[in-house]
Amino acid sequence: MVAAVLRWYADNARDLPWRHPGAPEEVAWPVLVSEVMLQQTPVARVEPVWRAWLERWPSPAALAAEAAGEAVRAWGRLGYPRRALRLHAAAVAVVERHGGRVPSDPQALLALPGVGSYTAAAVGAFAFGQRVAVVDTNVRRVLARAVQGRAQPAPALTAAETALAVEVLPEAPAGDSRLPARWSVAVMELGALVCTARAPRCGACPVADLCAWQRAGAPPDDGPARRGQAWHGTDRQVRGRLLALLRDAPGPLDGPALSAAWDDDEQRERCLASLAEDGLVVPSGGGWSLPL
DNA sequence: TATTCGTGGCA
DNA sequence: TTGCCAAGAAT
């Protein structure tokens, strides 16, 4: 399976800018930025924001020197804007705790704001070439099908899935220390381009012949139905509208200006309060602004 | 462990 | 058109 997937990746990998090779100290920050932006966000929407972000803040120190609100503004419409705040906080932590260099130590990475088990592993593998299991939704889906014979992975990451990812992670042969990391990105790419959630292109899959799910006749998902994310009328929608107004405004906005975001006064105020609690907005001159 | 947290494209 | 889903993290 390893050789087939690696061959497929060599021929089919997308040319994504954060994958361009380089010394760890050169690529660690770009990789970290990409991984945080890619959390729950499609590649196509990340790429232009990532380019502008790194042009403006080519190092953690550059970002750390700016107001957090500028990060929120530059985040644009990527969604989950708390990630922008956390990435800014991570830059500050990198400067304060690691001399401005993104750490390679897994525990140090995990300790950074906005960096969880996936992102820490991804930075370790893709920036530093470490042999660590990178378990994202793509990897989980590919392994669920190819190895476990299931249509979809469990609703939440389980210890068994992590153990399986560790089990299939290849050793680095002599002279190719980065092969385990390449395996991880290859499986992710396979999940993103071929072994997709909805309509997998099994005819184009390099491991279709040994896929447990295919061999079982591609049975439908037998797990519990996933509950969709509500949107219309939710606090998320209201928070999104409020923040959109503030992103597009040069300075603070007062109550009347923000009332344009949502008619329901009670819900609007509640959401404003929750945004303030998250640090995404701060009181400013009787109104509100992005954090300073 | 289950929820919460944006946004927009696509089937 | 509506629901699904996209390189998760924090609580």
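Values in this document were obtained by computation on a predicted structure and should not be read as measured data. Proteins come first, then strands; the chains are lettered A, B, ... in the order of their sequence lines, and each starts at number 1.
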Give [X] one of three labels, base, sugar-phosphate or nothing, depending on what nucleic acid heavy atoms sit under 4.0 Å from its own.
| X | value |
| --- | --- |
| A/S34 | nothing |
| A/A122 | nothing |
| A/V115 | sugar-phosphate |
| A/W18 | base |
| A/P155 | nothing |
| A/R141 | sugar-phosphate |
| A/R236 | base |
| A/A192 | sugar-phosphate |
| A/G79 | base |
| A/L16 | base |
| A/L78 | base |

Do [Y] and [X] meet the salt-bridge criterion of a basic N to acidic O distance under 4.0 Å?
| X | Y | value |
| --- | --- | --- |
| A/D235 | A/R270 | yes |
| A/R182 | A/D176 | yes |
| A/E47 | A/R51 | yes |
| A/E25 | A/R101 | no |
| A/D248 | A/R73 | no |

In whole angstrom, what separates [X]'s [atom1] from [N]'s [atom2]?
| X | N | atom1 | atom2 | result |
| --- | --- | --- | --- | --- |
| A/E35 | C/dA7 | CD | P | 11 Å |
| A/Q40 | B/dG8 | CD | P | 16 Å |
| A/W75 | C/dG8 | CH2 | C1' | 11 Å |
| A/E161 | C/dG8 | CD | C1' | 14 Å |
| A/W231 | C/dT1 | CH2 | P | 19 Å |
| A/L109 | C/dG8 | CG | P | 17 Å |
| A/L85 | B/dG6 | CG | P | 11 Å |
| A/R82 | B/dT7 | CZ | P | 12 Å |

Whether the [X] and [Y] side chains hold a donor-acceptor pair (N or O, under 3.5 Å, no angle test) is what I'd like checked.
| X | Y | answer |
| --- | --- | --- |
| A/E189 | A/N12 | no |
| A/E35 | A/Y118 | yes |
| A/R239 | A/S274 | yes |
| A/S177 | A/R131 | no |

**Prompt:** Say you pick atom C1' in B/dT1 and the same atom in C/dT11; how far apart are they, in whole Å?
**Reply:**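 To the nearest whole Å, 11 Å.
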**Asked** What interatomic distance, in whole Å, is found between C1' of B/dA2 and the corresponding atom of C/dA7?
**Response**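 C/dA7 and B/dA2 have their C1' atoms separated by 22 Å.
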Output the single nucleotide from [options] whose closest atom is nearest the side chain of [X].
| X | options | value |
| --- | --- | --- |
| A/N138 | C/dA7, C/dC5, B/dG6 | C/dA7 |
| A/Y118 | C/dA6, C/dA7, B/dC5 | C/dA7 |
| A/R86 | B/dG6, C/dA7, C/dA10 | C/dA10 |
| A/R45 | B/dG6, C/dA10, B/dT7 | B/dT7 |
| A/R198 | C/dG8, C/dC4, B/dC5 | C/dC4 |
| A/R77 | C/dA7, B/dG8, B/dC5 | B/dG8 |

**Prompt:** 5'-most contact on DNA chain B: A/D278 or A/A199, nearest heavy atom basis?
**Reply:**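 Looking at DNA chain B, the more 5' nearest nucleotide goes with A/D278.
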**Residue met sooner reading DNA chain C from 5', once A/L112 and A/P42 are mapped to nucleotides** =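 Result of the comparison: A/P42.
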**Message:** If you assign A/R83 and A/Q152 each to the DNA chain C nucleotide with the nearest heavy atom, which residue ends up on the more 5' nucleotide?
**Reply:**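 Nearest-nucleotide comparison on DNA chain C picks A/Q152.
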Is the phosphate of [N], meaning OP1 or OP2, less than 4.0 Å from a side-chain N or O of [X]?
| X | N | value |
| --- | --- | --- |
| A/Q39 | C/dG8 | no |
| A/R247 | B/dG6 | no |
| A/T119 | C/dA9 | yes |

**Spacing of OG belonging to A/S34 relative to CH2 belonging to A/W53, to within rounding of 0.5 Å** =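 Nearest 0.5 Å value for the OG-CH2 distance: 12.5 Å.
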**Prompt:** Side-chain donor or acceptor of A/T137 under 3.5 Å from a matching atom on the base of C/dG8?
**Reply:**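 Result: no qualifying N/O pair found.
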**Asked** Taking both distances under 3.5 Å as the test for a Watson-Crick or G-U pair, what stems of at least three pairs does DNA chain B have?
**Response**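 Stem segments, range with range: B:2-5 with C:8-11, B:7-11 with C:2-6.
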